[in-house]
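Here is how names work: the chains are called A, B, and so on, in the same order as the sequence lines, proteins then strands, and each is numbered from 1.
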Amino acid sequence: MTLILDPDDPAGWREAPPARSDDPSGPGSPLTEGLNPQQREAVEYRGPALLIVAGAGSGKTRVLTHRIAHLIEMRDAWPSQILAITFTNKAAAEMRERVQALLGDSASGMWISTFHSACVRILRREAESLGLSSTFTIYDSADQRTILKRIIKGLDADTMGFTPASAQAKISKLKNELADVESHARNANMNDPQEVMFLEIFRQYTRRLREASALDFDDLIAETVYLFRAFPKVAALYQRRFRHILVDEYQDTNHAQYSLIRELTRPVAPAIVSELDEHGILVRGMTDATGSIPGASLTVVGDSDQSIYAFRGADIRNIVEFERDFPGAKVVLLEQNYRSTQNILSAANAVISNNFDRKDKKLWTADGDGEQIVGYTGYTAHDEAQFIADEIESLHRSGVAYRDIAVFYRTNAQTRALEEIFVRSALPYRVVGGTKFYERAEIKDAMAYLIAVANPLDELALRRILNTPKRGIGPATETTIAQFAEQNELTFRQAMRSAGGLGLGPKVTAAISALADVLDEAAAMLVPSQAGIDAGTNEGASKISEVLVFLMERSGLLDALRNSRDPQDETRAENVEELVAQTRDFDRENPGATLVDFLTQVSLVAAADELDDASGTVSLMTLHTAKGLEYHAVFLTGIEEGLLPHQMSASEPGGPAEERRLFYVGITRARKRLYLSLAMSRAQFGEVAVAMPSRYLQEIPEGLIDWRQSPGMATSRGGSQPRALNARRGFGQGGAGGGAWGTRDRDLERFSVTRSEKPKTEWANKVTGTVRDNGDLTLEAGDRIRHADFGEGKVTQVTGEGTKRIAHVSFDRAGQKKLLIKIAPIEKL
DNA sequence: AGATGTCACGTTTTT
DNA sequence: CGTGACATCT
């Protein structure tokens, strides 16, 4: 008979259920069946530290889930002793699902969550130790910016060049390095007024969050580390509980997250063990010969070639130096790819091999070459989008479901052209991320009501709703309340309650009191019944949806939107209704959950989380969001210099290499079909620009790509027959005054001088090495030209300078068009 | 206090 | 282009 400690079992000790008669790791076992030798080793290895270097598509999720199941089935762990950390909630949900499929109910009790969710869970539980309210608010970056804006204004720091964004970035960076105001002050150069000022901003920011009992995203991790370091006993509870810690996407961990893992895997010292023992916490049987509880076993999975979050502080060294960090660590390499065709993998290998200082690693598949990669160069972003829409339709006709198709891009702004064309083509699509819904002003307003109720200390939320809807409480009144609060050492909320003492007019006073009353009443609705309090449950509390409805109606927000004469407010009211519907869903799916649970979930949902696999739509998302996903067909768009690599990355150390990894990540998402596309001109804020093909395209062996229309083809004027791009589908026709560049100037894009000056010799690959270039073709009003699609026409006007010169042309048959002279398929007659 | 209009500005990726 | 900050009017 074996006894195993089950921390979740009240009795602690439990007789281990008899081992399965069929050896779970034996032949024919579902847990190791069909695994290759490396995968199998990764599932079965037992030891303090294991690094699984998992190339893209090498089945790492399968290995992780099977490893977890194997630990349970082999009686090496109880479910409650497992902590699995993933990158997104979506990945966590998928992992939980798959573990459940392997284990059934015994999967419950495991912690499978993101870093942030796990930390919130710990912090809410231990909030008291840190002097926080357990209902602390989680501030998103917009909240941070609002606060920083106020601070910078108050300090006149904008005159020194501080912006909310710059201060936010700096603070975030520091927090990811686990620096706080004091530690940073010690290192700061006090003779530099810039640094002194920043320190003051940082100090005030920290204080404001404290006073509001709020944490920002970075705090969630950092504060948990502080908690563990400052309270070894608290840390010991978690160190003792989690015996097996598994971390996915380890290459994307930053210093704070790395430190968190280190703290969690630390052994519990004998002195603390006995202290725990005295408090009746079960530790017997867990200690080793020295009387300590040994550190948890750590499994990390990652691929340094897929590290794309350096901008967020991710430190590739965490994975590269894992073996040094955890001496005796076992390393398992997974190189066989089960996702993509060899053509796709060859392209990926070729691209990534241009990153130096990496361990050479080559993905391979036993499944054959597959189709060629398809390349396409559009004249404009709209043209590119049209090609994508057409190809998607053709894929769909050939039997590929919309949901198996994804379109990736580098920046969110690129969705615009895609969406316009997709709508026009009646393609069912969905933009993943951009998490627009919760960013809408009216939703943030409604959420602020809920936050104000959940966390009365949150001044930011209170100020937001103070005059929303309009109740005649202006900035002057707001300041009066804030000053009154400060002078009398009250919170903002308390000051609102005693509005009568502010010496304001009767109307304003009544408005403030009314709002305070509404919030108090809503708060009362959330108090559980005595029975609930006794049982430590939420029993008897009103549902979140009820509280929200109460707040929306009593505050007048909903009525204000409904009765407004602004036609957009109708949609806003519907959005608020939609939020109510979402809280109803939440109430239904999470019985017994509190308002704080709901607010937490909303704060932590990531772009990829909302992905609904059942939806029959094409998915549009950024390359970052795409990580960890896979699709039958993938369209990688905007493969241009300035976009991928993004021009912002040029100035950052390691920037171009990271952008290359991003490209690599995109390529390796594709199972069977990969499309690479770009546009010769691209619009960002109405400016005109010629785009060059991305340097990364050069790195793909020529034979792998079937260029339907290559950048080079466009140079051989007259020879090639470009698709009748915008001439179709009514593009640019009708009275809209559209043109080859779409109906708006924004189709004309910025031209990057730095790029154009690059010597052409750098472009080894002839196909993509040349772009259409009309050279110094000069046109002036009155000239007649011929266009590949639109036929002959007369130039009416020329605007713009240099490469951005635009010819306004009146075509004989196609009407008015605007053309970028440098690259348009035209010739002077 | 609030509504309306004008101008300047920024613009990567995300938990 | 879209947003946000500021000024001016009601």
> Distance check: side-chain N/O of A:Asn467 vs OP1/OP2 of B:dG2, anything under 4.0 Å?
Replying inline: yes
> Is the number of heavy atoms from other residues, nucleotides or ligands within 6.0 Å of NZ (A:Lys170) greater than 12?
Replying inline: yes
> Given the C1' atoms of B:dT12 and C:dA5, what is the spacing between them in whole Å?
Replying inline: 24 Å
>> Under 4.0 Å from OP1 or OP2 of B:dT15: is there any side-chain N or O of A:Thr88 that close?
In response: no
>> Expressed as a whole number of angstroms, how long is the span from A:Glu439:CD to B:dT14:P?
In response: 10 Å
> For the side chain of A:Arg410, counting heavy atoms from C-beta on, which of B:dA3, B:dT13, C:dC1 is nearest?
Replying inline: B:dT13
>> Below the 4.0 Å mark, does B:dT12 have OP1 or OP2 next to a side-chain nitrogen or oxygen of A:Thr622?
In response: no
> Picking from B:dT15, B:dT12, C:dC1, which would you name as closest to the side chain of A:Arg416?
Replying inline: C:dC1
> Does the side chain of A:Thr411 come under 3.5 Å of the side chain of A:Gln414 through a donor N or O and an acceptor N or O?
Replying inline: yes
>> If the cut-off is 4.0 Å, is A:Lys149 near the phosphate of C:dA5, judged by side-chain N/O to OP1 or OP2?
In response: yes
> Is there a donor-acceptor contact under 3.5 Å linking the side chains of A:Tyr429 and A:Glu419?
Replying inline: yes
> Which nucleotide sits closest to the side chain of A:His624: B:dT14, C:dG4, B:dT12?
Replying inline: B:dT14
>> Using a heavy-atom cut-off of 4.0 Å across all strands, would you classify A:Tyr309 as base, sugar-phosphate, or nothing?
In response: sugar-phosphate
>> In whole Å, I'd like the distance from the CZ atom of A:Phe87 to the P atom of B:dT14.
In response: 10 Å
> Can you tell me if the side-chain N/O atoms of A:Asn412 get under 4.0 Å from OP1 or OP2 in B:dT14?
Replying inline: yes
> Is the ring of A:Phe311 stacked on the base of B:dT14, with centres less than 5.5 Å apart and planes under 30° off?
Replying inline: no
